[in-house]
Amino acid sequence: MASGVRLLVLGKQGAGKGTQAVRIARHYGVPHISTGDMFRAAAAAGTSFGLRANEYMTRGELVPDDVVIGVVAERLAKDDAQDQGFVLDGFPRTRVQAEELQRLLGPSGLDAAVDIDVPTDVVIDRISGRRVCSTCGATYHVNAPPKKPWVCDKDGGDVVQREDDTPEAVTKRLEFYEKDTRPLLDFYDGLGLLVTVDGVGEPDDVFDRIVDGVEAVRQLRLSSPSVP
Ligand SMILES: [Zn+2]
């Protein structure tokens, strides 16, 4: 196992960010910090912050910058992230968040920003074709359905389309991505931190591309310490 890294993962919804972030975190032995998971946990615990964040998420809207930044700053201050590093998933989503992260970490605080690049028509197909077991959360796709029509293979639960997986909801989230998140690619490119990876294909292959890309950027930065 390679040890220690400070990364963030960018990409459209449906690009496979979550899956890859978990694998990268395991590979480097660092915590996977998912803002979506943190918001859902806070909402389930019924904290006022969690309920507020959840309101935005169920409307398909972005949680405001000040709320997200506060939560992430608190999490990054914990020992595991301080000592080993982290993989950030779902943060930053806006330029304001990205600048605040740089301020929190300092100029040499990030090893790379990984962009998992998947064409828009591919993510719309992945998400709008997705069906989820309402009991256990197992995921299927209209092209890879359960054996018995829309009954979960694992536990016989109803397999349904989630409300926020309709093409309309997906299109709305992609608009946010284009407006707010895509400019981050230029931001990180300007800092010499951007690693763009082709996100189409088998998850194992995408993972290998990510690790190769991250190692290449780290080597480059080690050999030219004057890079900001
Ligand atoms: Zn199930």
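Treat the numbers as computed from the prediction; the structure is a model and nothing was measured.
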Verdict with supporting geometry, Asp180 and Arg93, side-chain contact (heavy atoms from CB on, under 4.5 Å): CA-CA 7 Å; Asp180 291 331; Arg93 286 232 165 120; 5.8 Å; no

Trace of the side-chain contact (heavy atoms from CB on, under 4.5 Å) decision for Phe39 with Val71: CA-CA 9 Å; Phe39 293 151; Val71 174; 4.2 Å; yes

Chi angles and distances behind the side-chain contact (heavy atoms from CB on, under 4.5 Å) call for Asp155, Cys133: CA-CA 9 Å; Asp155 61 1; Cys133 172; 3.5 Å; yes

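- In this structure, Gln82 contributes its side chain and Leu76 its backbone to a donor-acceptor pair below 3.5 Å.
- Residues Pro92 and Leu10 share a closest heavy-atom pair of O-CD2, 3.8 Å.
- Within the 4.5 Å cutoff, side-chain heavy atoms of Val159 are placed close to those of Pro146.
- Remark: the backbone N or O of Asp125 is paired with a side-chain donor or acceptor of His141 at under 3.5 angstrom.
- A heavy-atom distance below 4.5 Å is not found between the side chains of Asp89 and Thr35.
- When atom types are taken as modelled, the side chain of Gln13 and the backbone of Arg173 share no donor-acceptor pair closer than 3.5 angstrom.
- Atom NE2 of His27 and atom CD1 of Ile210 lie 11.0 Å apart (nearest 0.5 Å).
- Minimum heavy-atom separation, Ile69 to Glu100: CG2-CG, 3.4 Å.
- Taking the ring axis of Phe207 as reference, the NZ or CZ atom of Arg23 stays within 45° of it and closer than 6.0 Å to the ring centre.
- For the pair Val114/Val214, a side-chain contact is recorded, criterion being any heavy-atom separation below 4.5 Å from C-beta on.
- Under 4.0 Å is where a charged nitrogen must lie from a carboxylate oxygen, and between Glu215 and Arg218 at least one such pair does.
- Closest of all the heavy-atom pairs between Gly16 and Arg126 is N-NH1, 4.2 Å.
- The residues Arg162 and Asp164 are annotated as salt-bridged, a charged nitrogen and a carboxylate oxygen being separated by less than 4.0 angstrom.
- Residues Gly199 and Ile116 share a closest heavy-atom pair of CA-CG2, 3.7 Å.
- With hydrophobic clusters built from ILVMFWY side chains whose heavy atoms lie under 4.5 angstrom apart, Ile124 shares a cluster with Val122.
- With contacts defined as side-chain heavy-atom distances shorter than 4.5 Å, the pair Leu110/Tyr188 qualifies.
- At a threshold of 4.0 Å, the pair Asp83-Lys78 does not count as salt-bridged, since none of the basic side-chain nitrogens sits closer than that to a carboxylate oxygen.
- Looking at heavy atoms from C-beta onward, Met38 lies in side-chain contact with Ile33 at the 4.5 angstrom threshold.
- Residues Val151 and Tyr140 do not share a hydrophobic cluster, clusters being chains of Ile/Leu/Val/Met/Phe/Trp/Tyr side chains in contact below 4.5 Å.
- The pair Glu175-Lys172 does not count as a salt bridge, with every side-chain nitrogen at least 4.0 angstrom from each carboxylate oxygen.
- Here the side chain of Arg6 pairs no donor or acceptor atom with the backbone of Gly85 at under 3.5 angstrom.
- Put simply, the side chain of Lys17 gets close to the backbone of Gly11: a donor and an acceptor are under 3.5 Å apart.
- Between Arg209 and Asp212 there is no salt bridge, since no side-chain N of the basic residue sits under 4.0 Å from a carboxylate O of the acidic one.
- With respect to Asp165 and Arg130, a salt bridge is recorded, a charged nitrogen being found less than 4.0 Å from a carboxylate O.
- Side-chain contact of Thr94 with Asp65: a donor-acceptor pair under 3.5 Å is present, judged by distance alone.
- Here the side chains of Leu105 and Phe86 are in contact, with some heavy-atom distance below 4.5 Å.
- Between the side chain of Ser134 and the backbone N or O of Asp158 there is at least one donor-acceptor pair closer than 3.5 Å.
- No single ILVMFWY cluster, assembled from side-chain heavy atoms under 4.5 Å apart, contains both Val197 and Val22.
- Cys136 and Cys152 get closest at one heavy-atom pair: SG-SG, 3.8 Å.
- At least one side-chain heavy atom of Gln20 sits less than 4.5 Å from a side-chain heavy atom of Pro203.
- The shortest distance between side-chain heavy atoms of Lys12 and Leu174 falls below 4.5 Å.
- Contact between Gly4 and Val30 at its shortest, heavy atoms only, is CA-CG1, 3.9 Å.
- In this structure a side-chain-to-backbone donor-acceptor pair under 3.5 Å is missing from Thr139 to Val132.
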